[in-house]
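A, B, ... follow the sequence lines: proteins, then strands. Residue 1 opens every chain.
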There are 2 protein chains.
Amino acid sequence: MRNDQADDVDNRLFLKSVARALHVLEAFGRHPHPLSLREIAEAAGIDKSAAQRVAQTLLTLGYLERAGNDAGLLPGKALLDRSFDYLRTNPLIERAAPVLSQLRATARERVDLSLFDGTTIIYAMRLQSKRETFYATLAGRRIPTFSSSGGRACLARLDEAEARDIVERCDRQAQTQKTITDVDAVMDKVREARADGYACALEESLIGEIVLSAAVTDLAGRPLGAIHIAGSLAEWDEDDFRRRFAPHAIAAAKAL
Amino acid sequence: MRNDQADDVDNRLFLKSVARALHVLEAFGRHPHPLSLREIAEAAGIDKSAAQRVAQTLLTLGYLERAGNDAGLLPGKALLDRSFDYLRTNPLIERAAPVLSQLRATARERVDLSLFDGTTIIYAMRLQSKRETFYATLAGRRIPTFSSSGGRACLARLDEAEARDIVERCDRQAQTQKTITDVDAVMDKVREARADGYACALEESLIGEIVLSAAVTDLAGRPLGAIHIAGSLAEWDEDDFRRRFAPHAIAAAKAL
DNA sequence: AACGATCGTATCGCTAGTCGATACCATAGA
DNA sequence: TCTATGGTATCGACTAGCGATACGATCGTT
């Protein structure tokens, strides 16, 4: 999971106790249900005593809560405060908010802002369209870089070698039958995105869904994230969708 | 800010190092902009060395990031992962997701789910309507219990003494000219909400906005949160809004 | 250029904070 | 009643982290 262990070990400034506590919180990412002390200890690779101390601490600070039927522990509301801080302090989000909601108003389809983070991208803002249920529409969700249009839009802003390296390091599992998992085939798509100025993915994450993305970069041209427009193939065919929305996505991304 | 210090001190299980690290992250809630090491140290009440160690640790774990122009540190994307875990593991959110989006579809106004947390409530899910910009629409935002319709809907499910205690402990600053800050006046509103089965707030948080809320409770009848429907006074007058949406809000809350 | 202020980074000996084994007290099911 | 499993509490030993200090870079100022 972590290949910078080497750095950690020789880094005299690294606080193991802090890392332990965060590993406890991260355990709920892998086990999304109430956990007992013993389960926490196992998931975080610590003994029961350590888990007890960490849990008590996080509990009093609001980063953990007791599950309803005293059936264990769950993440706490304080985590929402911290992610709010993240969004509020991120200058990209600040600038993107009005642009996104205007884009949403003109496109009348689902609009997202995702952030580039190596082998995955993470949704930061989501403006849903009509139906749309469930976790798919929650901020904080991560999806693989290689198979998402937003991810490929970002890769297109990197040089060939760096992009290829990331694609190779991705966990390239097929999400649907249409997911492109071959490295060379993905790189073809990346080059296509580089040429077009936007990326497009057809049913690679979800059957029936077409997503089109334009990358947002910093002043140096490095990708920070991407703006997505997502539609349903029941209402659009690919060419129409591209023609209609690609200019909007590119313009919105350029505005940032 | 924290009156359980007494408990903390005599609790032998409380890990100070973990608390220190979290205080560092919380510093960005009070100072929403890039912070230098020295500023972090000040905000978290620790010395520069400690801040350095904590910052290095959080940096390598992704809970802090360097600001673009190496102008300091900012919260990191890992925080979004954790809030996603919170939302995903919270059974109320799971049940509420489909109900909310259906409510959004029928009401065609902004719909929110907030969670009751003592003197504040915190937005967990937000389905915006048309325009709506900025942070107002982000999950994780906290607003005072006493002046929000959602908060008062929750208070209405507590007994008189407990509700009054919370109102008194709130930081009762007026958000707008219309904010009701007097304890007795707030309690009148709470009693009204108890009688009606829903609460209503007129321009108490934002001028021109009317919000109507119904509380969601656990099996024991204790309030967990509230469902909000928010509209614009430019489009509705109070009576129409109440008549039209109160039944929907109550029904949606009851469905949970 | 030389200066002082302020930034991030690195070092190191001492001690207080944490570790981890262990015991305790519930509740629940056999 | 017994055993398994949950959360809670205790305590001596030892190590992880404290905090003072120092260093090199980068500024804007004089």
Side-chain angles (χ1 to χ4, degrees), chain A residues 4-25 27-28 31 33-76 220, chain B residues 4-25 27-28 31 33-76 89:
Chain A
D4 47 22
Q5 280 284 5
D7 302 80
D8 294 2
V9 175
D10 70 47
N11 188 347
R12 263 84 160 250
L13 299 175
F14 191 82
L15 301 184
K16 297 182 187 176
S17 53
V18 172
R20 250 192 306 268
L22 294 171
H23 285 329
V24 166
L25 290 176
F28 293 91
H31 308 279
H33 47 78
L35 296 179
S36 71
L37 277 186
R38 189 185 52 76
E39 292 171 311
I40 288 175
E42 268 176 36
I46 57 183
D47 68 19
K48 194 185 157 193
S49 287
Q52 178 192 13
R53 281 188 292 269
V54 173
Q56 281 294 341
T57 306
L58 294 176
L59 210 43
T60 67
L61 296 176
Y63 291 87
L64 284 180
E65 292 176 10
R66 294 189 191 283
N69 349 308
D70 60 57
L73 296 166
L74 284 176
Chain B
D4 46 23
Q5 281 285 3
D7 302 81
D8 295 2
V9 176
D10 69 46
N11 187 347
R12 264 83 158 253
L13 299 176
F14 192 82
L15 301 184
K16 297 183 185 175
S17 53
V18 172
R20 253 191 305 268
L22 294 171
H23 285 329
V24 166
L25 290 176
F28 292 93
H31 308 280
H33 46 80
L35 296 179
S36 71
L37 276 185
R38 188 184 53 76
E39 291 172 312
I40 289 175
E42 269 176 34
I46 57 182
D47 69 20
K48 193 185 157 193
S49 287
Q52 178 192 14
R53 283 188 290 270
V54 172
Q56 282 293 342
T57 306
L58 295 176
L59 210 42
T60 67
L61 295 176
Y63 290 87
L64 285 180
E65 292 175 10
R66 294 188 191 283
N69 349 309
D70 60 55
L73 296 167
L74 285 176
T89 55

Subject >> Spacing of CG belonging to B:L61 relative to NE2 belonging to A:H23, to within rounding of 0.5 Å >> reply: 6.0 Å
**OP:** Decide yes or no on side chain to side chain contact (heavy atoms under 4.5 Å, CB included) for A:H33 and A:L35, but give the supporting numbers first.
**Re:** CA-CA 6 Å; A:H33 47 78; A:L35 296 179; 3.7 Å; yes
Original post:
Rounded to the nearest Å, what distance is computed from the CG atom of residue B:L37 to the P atom of nucleotide D:dG19?
Top reply: 16 Å
Subject >> Working for side chain to side chain contact (heavy atoms under 4.5 Å, CB included), residues A:Q52 and A:V54 >> reply: CA-CA 6 Å; A:Q52 178 192 13; A:V54 173; over 6 Å; no
**OP:** Would you work out how much the helix from C:dG4-D:dC27 to C:dA30-D:dT1 bends between its ends, with each end axis defined by five base pairs, to 10 degrees?
**Re:** 30°
Original post:
Between C:dT6 atom P and B:I40 atom CD1, what is the distance in whole Å?
Top reply: 17 Å
Original post:
Want to settle it: does A:K16 or A:Q56 sit nearer the 5' end of DNA chain D, counting the closest nucleotide to each?
Top reply: A:Q56
**OP:** Give, for atom CG of B:L22 and atom OH of B:Y63, the distance between the pair rounded to the nearest 0.5 Å.
**Re:** 10.0 Å
Subject >> OP1 or OP2 of C:dT6 under 4.0 Å from side-chain N/O of B:R38 >> reply: no
**OP:** Working to the nearest 0.5 Å, report the span between CG of B:L73 and CG of B:L37.
**Re:** 6.0 Å
Any N/O pairs under 3.5 Å between the protein and nucleotides 19-21 of chain C? List them or say none.
unit_1: C:dC19; atom_1: OP1; unit_2: A:R20; atom_2: NE; d: 3.1
unit_1: C:dC19; atom_1: OP1; unit_2: A:R20; atom_2: NH2; d: 2.4
unit_1: C:dC19; atom_1: OP2; unit_2: A:R53; atom_2: NE; d: 2.9
unit_1: C:dC19; atom_1: OP2; unit_2: A:R53; atom_2: NH2; d: 3.3
unit_1: C:dG20; atom_1: N7; unit_2: A:R53; atom_2: NH1; d: 2.9
unit_1: C:dG20; atom_1: N7; unit_2: A:R53; atom_2: NH2; d: 3.2
unit_1: C:dG20; atom_1: O6; unit_2: A:R53; atom_2: NH1; d: 3.3
unit_1: C:dA21; atom_1: N7; unit_2: A:S49; atom_2: OG; d: 3.3
unit_1: C:dA21; atom_1: N6; unit_2: A:S49; atom_2: OG; d: 3.1

Original post:
How does each nucleotide of nucleotides 24-30 of chain C score, in 5' to 3' order, for protein heavy atoms under 4.0 Å: base (B), sugar-phosphate only (S), or none (-)?
Top reply: -------
Original post:
Within the side chain of B:T57, is there an N or O that forms a donor-acceptor pair under 3.5 Å with the backbone of A:L15?
Top reply: yes
Original post:
Does A:E39 reach the main-chain N or O of A:S36 with its side chain, forming a donor-acceptor pair under 3.5 Å?
Top reply: yes
Subject >> Interatomic distance where CZ belongs to B:F14 and P belongs to D:dT8 [whole Å] >> reply: 15 Å
Subject >> Listed partners of B:R66 passing salt bridge (Lys or Arg N to Asp or Glu O under 4.0 Å), at least two apart >> reply: none
Original post:
With distance as the sole test, does A:S17 use its side chain to make a donor-acceptor pair with the main-chain N or O of B:S17 at under 3.5 Å?
Top reply: no
Original post:
Looking at residues at least two apart in the chain, or sitting in another chain, which of them share a side-chain hydrogen bond (donor to acceptor under 3.5 Å, both in side chains) with A:E65?
Top reply: A:K77
**OP:** State which residues pass salt bridge (Lys or Arg N to Asp or Glu O under 4.0 Å) with A:E42; sequence neighbours excluded, sorted by chain then number.
**Re:** A:R38
